Amino acid sequence: MSPKSVHDDEISGRIFDWALYRRFLPFARPQLGAIMASVVLLLLLAVTTMTAPLVIRWAIDNCFEGTRPGPEGDNLLADFNRFLGDFSGLAAEVEIDAADRGQALGMVSLLAVALGVLTFVFRYLQLFIANRTGQRIIYDLRRHVFAHVETRSLRFFDTNPVGRLVTRVTSDIEALAELFTSGVDVVFYDLVMLGLTLGILFGINAELALYSLALVPFVGAWSFFFKREAQELFREVRSRVTRQNSFINESVTGMRVIQLFRNEARANDRFRLWSRELRDSHVKTVRNFSLFYPGIEFFSGLGAAVVLLVGNGLLQEGSLSIGDMFAFWILLAKFFEPLRQISEKYNVLQSAMASGERIVTILDNDLRIPDAGNPAPLPSRDELGRIEFDDVRFSYDGEQEVLKGISFKVAPGETIAIVGATGAGKSSIINVLGRFYDISGGSVKLGGVDIRELPKYELRRSVGIVLQEVFLFADTIRENIRLGDESFDDERIREAAARVYALPFIEKLEKGLDHPVEERGATFSLGEKQLLAFARTLAHDPPVLVLDEATANIDTETEHLIQRALERLMENRTVIVIAHRLSTIKRADRIIVMHHGEIRETGTHAQLLAADGIYRRLYELQYKNQEGSEGKSKDRKERTA
């Protein structure tokens with residue numbers, strides 16, 4: 001299937017999509033017991049909520065002077081006891097001797113208090129269980145999505161901007177939490193309440209219920225109009241939120257460039273414009289809600305007027321009691337309340353559904369490097385140093401090839417340098433060797449085994465890569481070197497740091513290995529970050545070492561120290577160097593010259609100079625000045641010594 005992008009902010013407009021819910025059922029299944037408990041509590045809550053108006057109705061008709069029909073001598077408490085039995089479906093066998101209204105009203109009051117306590121308990125338990133369950137589901141989902149993103153190939157990150165991707169994995173998952181904490185269960189409860197209310201209203205008086213519910217079509221039309229407007233405004237808000245988040249991420253990441261080129265005013269103007277558009281979209285949404293809710297209140301008021309007008313006539317006819325009127329009034333308000341809440345939850349649920357759709361888009365993305373189904377045994381360390389490229393072809397976009405039939409072999413312990421102009425395909429060789437991208441043709445082998453048959457974890461553990469652009473995590477220096485491998489003790493970390501001459505500057509820091517590293521290593525110089533990257537790679541002791549222009553950000557004197565350390569470390573280790581430094585290239589056993597994705601020349605430094613080809617031109621244009629400056633630097637060192 002073709003991969004979907006997570007750029008699209010369009011949404012379906014649906015607040016219920018069973019296919020989408022089904023995708024998240026595996027995360028809800030472990031919490032099924034808690035979900036069922038929440039549903040049971042909602043049903044009990046509906047029962048206690050609807051019982052209260054009926055109790056009050058009975059009290060008004062039986063416990064106040066002039067409201068009770070029938071003979072004055074009736075036993076009110078016994079009648080109340082029978083009422084409870086009828087309502088609960090249980091036989092009422094208890095005989096109550098007292099018959100005065102005061103005692104009956106006291107029992108009604110106690111029952112009302114008991115119903116209030118039960119409602120409080122049921123509501124508290126339901127909210128606690130629902131929110132705890134929802135957070136557990138979101139916790140599992142968040143971990144799953146992050147783990148899924150980690151397994152995508154670099155092609156996935158090439159086609160998805162970081163700002164939008166971070167928004168999907170954070171904000172969208174938080175929005176999806178509404179489905180499990182206050183979305184589905186609330187709608188379910190409101191639907192149950194609507195059904196119970198309708199049944200009781202018709203049970204009290206069908207004629208009055210029909211008159212009162214004649215307003216429902218108007219409420220439905222009003223809600224439909226609101227839904228249509230809210231849907232369009234929601235799309236607008238989400239699109240502008242995503243655009244602004246992407247701009248903020250891009251601006252903060254590139255703040256150095258913005259300040260370097262004095263672009264603060266332009267960036268500020270753009271942010272102000274987009275913030276104003278987002279504010280205006282939110283104001284439109286608020287205006288729409290501000291119009292909707294008074295409309296619902298208006299229809300609720302009309303319903304109350306219908307109860308008064310029609311109910312008065314029925315009261316005069318004797319077919320309706322004052323208690324019936326009062327209960328009807330309360331229940332009609334409860335009928336409109338679920339309608340109001342369902343409409344209020346519409347935007348919340350729509351946001352959650354839209355977020356769910358975008359998360360599913362990420363989960364459906366198949367841009368990943370598949371692991372070997374039946375992985376081959378890992379060759380020995382010595383054999384892993386044998387690298388073979390056989391007619392390798394590769395393209396980033398599936399159309400334009402950047403590697404065109406590349407073939408070469410590297411013997412264990414050999415050091416080769418790969419040179420060429422920008423865009424020649426040098427870094428692409430490293431990308432396919434580490435299997436960050438899969439090739440489209442040919443084969444790449446380590447120790448005689450196709451890398452696609454090796455476990456990715458073992459492959460990348462065997463190939464240590466130091467890039468020009470060093471990334472440090474916001475943690476300690478110790479954790480940045482060992483990267484979570486608890487088997488690395490401080491002695492091993494210090495030894496690796498010492499070999500690349502990073503230990504002296506580490507020990508000058510107040511906390512040494514425990515010194516905190518800021519985001520992206522902002523408090524370290526480029527050279528210091530590069531030294532830490534060397535220490536990180538060498539501490540893991542890979543049999544294959546790749547230096548992708550790794551000394552480009554280090555001054556000549558610091559590079560001299562690193563070169564001395566690398567001379568010892570390169571023993572019995574295969575090394576591939578992509579470098580602009582002549583000193584690094586000259587030490588290589590072989591130099592491979594690339595041009596437009598093809599290997600044009602191969603040989604030693606002296607052989608390639610004598611061949612008078614591409615390498616000689618590169619040398620004269622790029623390396624000759626380096627040779628002179630490096631010679632002068634060496635002379636200065638000797639004179640100083």
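All values below come from the heavy atoms of this structure, side chains included, with hydrogens, waters and symmetry mates left out. Everything numeric in this text was worked out from a predicted model, so none of it was measured.
Inter-residue side-chain proximity for Phe436 and Ile430 is flagged as unmet; no heavy-atom pair is nearer than 4.5 Å. You'll find the side chain of Val466 reaches within 4.5 Å of the side chain of Gln530, heavy atoms only. In this structure the side chain of Arg368 never reaches within 4.5 angstrom of the side chain of Phe156, judged on heavy atoms. Looking at heavy atoms from C-beta onward, Val419 lies in side-chain contact with Val593 at the 4.5 angstrom threshold. Counting heavy atoms from C-beta on, the side chains of Leu513 and Thr476 never come closer than 4.5 Å. Using a 4.5 Å cut-off on side-chain heavy atoms (C-beta onward), Leu483 and Phe488 make no contact. With a 4.5 Å cut-off on side-chain heavy atoms, Ile429 and Ile578 do not count as touching. Contact check for Arg536 versus Leu472: side-chain heavy atoms found under the 4.5 Å cut-off.
A salt bridge is absent between Glu453 and Lys445; no separation between the charged side-chain nitrogens and carboxylate oxygens falls under 4.0 Å.
Of the possible donor and acceptor atoms, none in the side chain of Arg616 sits under 3.5 Å from a partner among the backbone N and O of Ala611. Side chain of Ser251 to main chain of Ile248: no donor-acceptor pair is present (N/O by atom type, distance under 3.5 Å, no hydrogens or angles). Using a distance-only test at 3.5 Å, with no hydrogens or angles considered, a donor-acceptor pair links the side chain of Ser440 to the main chain of Arg393. Checking side-chain atoms of Lys426 against main-chain N and O of Gly420 turns up a donor-acceptor pair under 3.5 Å. Formation of a donor-acceptor pair under 3.5 Å by the Lys456 side chain with backbone atoms of Ala372 is not found in this model. For the pair Asp391 (side chain) and Gly442 (backbone), a donor-acceptor distance under 3.5 Å is absent. In this structure, Glu601 contributes its side chain and Tyr615 its backbone to a donor-acceptor pair below 3.5 Å. For Ser395 (side chain) and Gln400 (main-chain N/O), a donor-acceptor pair under 3.5 Å exists by modelled atom type. Side-chain atoms of Arg460 come within 3.5 Å of backbone atoms of Gly434 as a donor-acceptor pair (strictly under, hydrogens ignored). Proximity of a side-chain donor or acceptor of Arg452 to a complementary backbone N or O of Ser443 within less than 3.5 Å is not detected.
More than 12 heavy atoms of other residues, nucleotides or ligands sit less than 6.0 Å from atom CZ of Phe157. Within a 6.0 Å radius of CZ in Arg461, other residues, nucleotides and ligands contribute 12 heavy atoms or fewer. Around atom CD of Glu491, no more than 12 heavy atoms belonging to other residues, nucleotides or ligands sit under 6.0 Å away. Other residues, nucleotides and ligands place no more than 12 heavy atoms under 6.0 Å from the CZ atom of Arg143. In this structure, Phe261 places its CZ atom where only 12 or fewer heavy-atom neighbours from other residues, nucleotides or ligands lie under 6.0 Å away. Summarising the local packing, CZ of Arg600 is surrounded by more than 12 heavy atoms from other residues, nucleotides or ligands at distances under 6.0 Å.
Looking at every heavy atom in both residues, Ile137 comes nearest to Gln31 through CG1-CG, 3.9 Å. For the pair Ile481 and Ala535, the tightest heavy-atom approach, listed with the atom from each and the gap, is CG2-O, 3.9 Å. Residues Phe389 and Val392 approach most closely at CD2-CG2, 3.6 Å, considering heavy atoms. Smallest separation of non-hydrogen atoms from Ser462 and Pro543: O-CD, 3.1 Å. Residue Asp438 comes nearest to Ile369 through the heavy atom pair N-CD1, 3.7 Å, listed as atom of the first residue, atom of the second, then distance. The two residues Pro379 and Val449 have their closest heavy-atom pair at CG-CG2, 3.9 Å.
From His515, atom NE2 reaches atom CD1 of Ile506 across 10.5 Å, with rounding to the nearest 0.5 Å. Atom OG1 in Thr537 sits 8.5 Å away from atom CD1 in Ile465 (nearest 0.5 Å). To the nearest 0.5 Å, atoms CD (Glu598) and CD (Glu401) are separated by 9.5 Å. Distance check, rounded to the nearest 0.5 Å: CD1 of Ile406 to CD1 of Ile599 gives 4.5 Å. Atom CZ of Arg23 is separated from atom CD1 of Ile359 by 11.0 Å, given to the nearest 0.5 angstrom. To the nearest 0.5 Å, atom CZ of residue Phe146 and atom OG1 of residue Thr151 are 11.0 Å apart.
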Stepwise side-chain contact (heavy atoms from CB on, under 4.5 Å) check, Leu176 with Phe24: CA-CA 10 Å; Leu176 188 63; Phe24 297 110; 3.7 Å; yes
Set out, in order, the CA-CA distance, both residues' side-chain angles and the distance that settles salt bridge (charged side-chain N to carboxylate O under 4.0 Å, His left out) for Arg381 and Asp541, then state yes or no. CA-CA 11 Å; Arg381 180 181 177 87; Asp541 193 27; 3.1 Å; yes
Under the salt bridge (charged side-chain N to carboxylate O under 4.0 Å, His left out) criterion, do Asp490 and Arg494 qualify, and how do the steps go? CA-CA 6 Å; Asp490 284 0; Arg494 289 179 181 277; 5.3 Å; no
Run the side-chain contact (heavy atoms from CB on, under 4.5 Å) check on Phe247 and Arg243 step by step: do they pass? CA-CA 6 Å; Phe247 177 76; Arg243 181 180 64 178; 5.7 Å; no
Given side-chain contact (heavy atoms from CB on, under 4.5 Å), test Thr602 with Phe408 step by step and report yes or no. CA-CA 9 Å; Thr602 303; Phe408 65 88; over 6 Å; no
Passes salt bridge (charged side-chain N to carboxylate O under 4.0 Å, His left out), Glu495 versus Arg492? Steps please. CA-CA 5 Å; Glu495 181 183 358; Arg492 179 171 180 174; over 6 Å; no
Test side-chain contact (heavy atoms from CB on, under 4.5 Å) applied to Phe524 and Glu518, step by step: CA-CA 9 Å; Phe524 294 105; Glu518 301 297 330; over 6 Å; no
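Between the side chains of Ser428 and Tyr396, at least one donor N or O lies within less than 3.5 Å of an accepting N or O.
When the options Leu378, Val410, Ile387 are evaluated for a side chain to side chain contact (heavy atoms under 4.5 Å, CB included) with Leu446, the one that passes is Ile387.
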